[in-house]
Amino acid sequence: HPEKKPRYITVESAISPDKLGIEHNGNVPETQENGWILISVNLLNDQTEKYKWLKKYEPIGMIGYSIWIYHIQDHNQD
């Protein structure tokens, strides 16, 4: 869905989103950001906790079993 912007993507994949022709604004930020976010569950829950801010939100969908989709529209960002 090209109308869903901004998009941030951080996934574990042998093929990058760029090679698949998916436009995006880069990796998921480590601080809260509004927009559409796709992230591998393993990276969301890794030991570094770089993306722990996302855990207060519920994903709105999944791609397969390993990529969660979020739509963050929080006007009162922390």
**OP:** Provide the full list of ring pair (Phe, Tyr, Trp, His ring centres under 6.0 Å) pairs with a residue in residues 52-72, sequence neighbours left out, each pair given once.
**Re:** Trp36-His71

Original post:
Got a second to check how far Ile60's CD1 is from Ile37's CD1, nearest 0.5 Å?
Top reply: 10.5 Å

Original post:
What distance do Ile63 atom CD1 and Ile69 atom CD1 have between them, rounded to the nearest 0.5 Å?
Top reply: 4.0 Å

Subject >> Between CD on residue Gln32 and NZ on residue Lys56, distance to nearest 0.5 Å >> reply: 4.0 Å

Subject >> From OG (Ser66) to CG (Leu43), nearest 0.5 Å >> reply: 9.5 Å

Original post:
Which pair of heavy atoms, one from Gly64 and one from Met62, lies closest together, and at what distance?
Top reply: O-CE, 3.3 Å

Original post:
With Thr31, which residues qualify under side chain to side chain contact (heavy atoms under 4.5 Å, CB included), at least two apart?
Top reply: none

**OP:** Take Leu54 and Leu44 through the side chain to side chain contact (heavy atoms under 4.5 Å, CB included) test and state the conclusion after the steps.
**Re:** CA-CA 8 Å; Leu54 261 176; Leu44 178 64; 3.8 Å; yes

**OP:** Go through the structure and list residues passing side chain to side chain contact (heavy atoms under 4.5 Å, CB included) with Lys50, not counting sequence neighbours.
**Re:** Glu30, Thr48

Original post:
Just by distance, do the side chain of Asn45 and the backbone of Val41 share a donor-acceptor pair under 3.5 Å?
Top reply: yes

